There are 2 protein chains.
Amino acid sequence: MNGQPETTDEWIYDQVFSAVLEQRLIPGAKLRESELCEVFGVSRTIIRRILLRLSLDKVVELRPNKGAVIATPAAEDVRQIFAARRLLEIGIIDEVCKYCTAANTQSLKDIVARENSAIQTGNRSGAIRLAGEFHVRLAGVARNKPIQELLRQLVAQSSLALALYEAPGHLLCVDDDHIDIVDAVAAGEAAKCRDLMARHLEKAEAEMRLDAPAENNDLKSVFAEVIEARATG
Amino acid sequence: MNGQPETTDEWIYDQVFSAVLEQRLIPGAKLRESELCEVFGVSRTIIRRILLRLSLDKVVELRPNKGAVIATPAAEDVRQIFAARRLLEIGIIDEVCKYCTAANTQSLKDIVARENSAIQTGNRSGAIRLAGEFHVRLAGVARNKPIQELLRQLVAQSSLALALYEAPGHLLCVDDDHIDIVDAVAAGEAAKCRDLMARHLEKAEAEMRLDAPAENNDLKSVFAEVIEARATG
DNA sequence: TAATATAAAATTGGATACAATTTGTTGGAG
DNA sequence: CTCCAACAAATTGTATCCAATTTTATATTA
């Protein structure tokens, strides 16, 4: 899209951010500075700067004196993330419809096509990434940088939420939500589009089990059953 | 409000951020690293980290090899800032009304009282700061961290916008917008509150001259008239 | 005198060195 | 053999050092 040569900083940042979007880095994963230095061939100065940026995106958690880990949003955080997404993504639809060009429509359709192709070939990482890209690019049409930037962060956080709370046995399956949304935008049907987007986001949140606390990191709850069984058995 | 001891980082960050909110630092002001080091008694490592954070808030601009300056949002940026604020601040009003406690109401009224007192004593810095704090605290009632955080940034950027584009001869004068909003919230009148907020934000944006480019930092335009007068005179 | 070239100073960018803290291991007492 | 303490290794936090770039000052020439 943009042929401007990335800076080293930007490149490394994108690599880590993408790994989160594609769930190649999952919540709790430790990010050792020296390892990142080796991987990317830069000094700790650079790596620490990038970790700070990622922590402000709420994608990485910086624990003082204990290093960086991929963030593990709590259930309440996830509710707020999706509440915010509903507010933003529904709220900008008038502008999206207003400013959407034929080129925008085509670009969005391309993303959806690649997304469905990824699903059908079992490419889960690619599918998740493209689903996220769809939402961010759609928001980009609305010409509001602050909102697009926040949505970019929220989409990445949603990826972490999905990794943590997705209901088990939930298989990737093609659905027409995204393509329906593009069609509604292209037709300028803002009201219909808002409705589609609202349902789509509610569906996405409903795929998660936020009621069951399921803090995977809380070892006590993870092993509560076996410990109990052993004590009584 | 919260008695937790701030880290040095947080403290310095808040000092600079506050200076922007109070327009003691105005767009274009140079932030020399060595100066900040002396002022706050820390090494450049710390200062550079804080400047990075402020640049991600779009409050500081980091120009490669040329140092940091307070950001000067363009007219289009300001439109987007206020469009985003309308979306957020109107969009969360249902939640604000839903979750607003008596303590919240009192706290908000206190802020408005202090704001009006600042206006009447001619304390411009304090007034601007408290006006901003009102909006951020009101948003805080809605219990959505991502949205409150974005609004916090947008309020700071609004302060820069005001410094750049405020129509000349615009005096500080007490108006009842804020107190009316609090009353509507306390009464649970969400629809009325949305209307009040919409008008309030439109008024704020209208106080600026975004049509006239007016980049104050462009010396050529600042002195264009006198130069022209001298040339022809 | 005005303009330009050159040199000096100041400032930023990045890597390294050192201090502080945490984590892991070994040895000994009970 | 288990538990605890002391020590060692690894990791993070901060300050400092050096290189690269920009800005300022000086000198030279037309």
Side-chain angles (χ1 to χ4, degrees), chain A residues 4-16 19 25 27-72 217-220 222-223 227 230-231, chain B residues 4-16 19 25 27-72 217-220 222-223 227 230-231:
Chain A
Q4 51 191 327
E6 275 182 327
T7 66
T8 306
D9 261 57
E10 215 58 39
W11 182 73
I12 299 175
Y13 173 86
D14 285 345
Q15 294 305 312
V16 179
L25 281 174
K30 192 143 180 30
L31 302 172
R32 219 162 275 115
E33 293 179 0
S34 52
E35 279 188 53
L36 292 170
C37 291
E38 281 189 32
V39 170
F40 294 108
V42 294
S43 79
R44 281 178 61 212
T45 306
I46 314 283
I47 294 299
R48 300 192 94 232
R49 190 162 56 213
I50 284 154
L51 288 175
L52 177 59
R53 281 182 61 184
L54 291 165
S55 80
L56 296 170
D57 291 335
K58 302 293 179 193
V59 159
V60 158
E61 186 187 353
L62 248 41
R63 301 166 307 175
N65 282 313
K66 289 194 168 183
V69 294
I70 300 295
T72 67
N217 298 14
D218 181 8
L219 290 181
K220 258 192 297 184
V222 170
F223 295 115
I227 297 294
R230 193 175 136 91
Chain B
Q4 51 191 326
E6 274 181 329
T7 66
T8 306
D9 260 58
E10 215 59 38
W11 181 72
I12 299 175
Y13 172 87
D14 285 345
Q15 294 305 312
V16 180
L25 281 174
K30 192 142 182 27
L31 301 172
R32 219 163 274 114
E33 294 178 0
S34 52
E35 279 188 55
L36 292 170
C37 289
E38 279 190 36
V39 170
F40 293 109
V42 293
S43 79
R44 280 179 61 210
T45 307
I46 314 284
I47 294 299
R48 300 189 85 215
R49 187 162 58 213
I50 284 154
L51 288 175
L52 176 59
R53 282 182 61 185
L54 291 165
S55 81
L56 296 171
D57 291 335
K58 303 291 181 194
V59 159
V60 158
E61 186 187 354
L62 248 42
R63 302 166 307 175
N65 281 316
K66 289 192 168 185
V69 294
I70 300 295
T72 67
N217 298 16
D218 181 9
L219 290 180
K220 257 192 298 187
V222 169
F223 295 114
I227 297 295
R230 194 175 136 92

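Remember, it's a predicted structure, so these values are computed and weren't measured experimentally.
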Partner of A:Leu31 under side-chain contact (heavy atoms from CB on, under 4.5 Å), chosen from A:Val69, A:Leu62, A:Ile70: A:Ile70

Any heavy-atom pair between the side chains of B:Tyr13 and B:Asp57 that's under 4.5 Å? yes

Length of the CD-P vector between A:Glu33 and C:dT21, whole Å: 16 Å

In whole Å, I'd like the distance from the CZ atom of B:Arg44 to the P atom of C:dA10. 15 Å

Can you tell me how far CG of B:Asp14 sits from CD of B:Glu6, rounded to the nearest 0.5 angstrom? 4.5 Å

Do A:Arg48 and C:dG14 share a donor-acceptor pair, side chain to base, under 3.5 Å? no

Reading DNA chain D in the 5' to 3' direction, which nucleotide is the first one with an atom under 4.0 Å from a heavy atom of chain A, and which is the last? D:dT11 to D:dT14

Please state how far atom CZ in A:Phe40 lies from atom P in C:dG14, giving the value in whole angstrom units. 16 Å

Starting at the 5' end of DNA chain C, which residue's closest nucleotide do you reach first, A:Lys66 or A:Asp9? A:Asp9

How many whole angstroms separate atom CD of B:Glu38 from atom P of C:dA10? 13 Å

Salt bridge between A:Arg53 and A:Glu10, side-chain N to carboxylate O under 4.0 Å? yes

How is B:Arg32 classified with respect to the nucleic acid when contacts are heavy atoms under 4.0 Å: base, sugar-phosphate, or nothing? sugar-phosphate

Do the side chain of A:Arg63 and the main chain of A:Lys66 share a donor and acceptor less than 3.5 angstrom apart? yes

Could you check whether any side-chain heavy atom of B:Arg49 comes within less than 4.5 Å of a side-chain heavy atom of A:Arg49, counting everything from C-beta outward? no

Report the nucleotide, chosen from C:dA15, C:dT22, C:dT12, that has the shortest atom-to-atom distance to any side-chain atom of A:Ser43. C:dA15

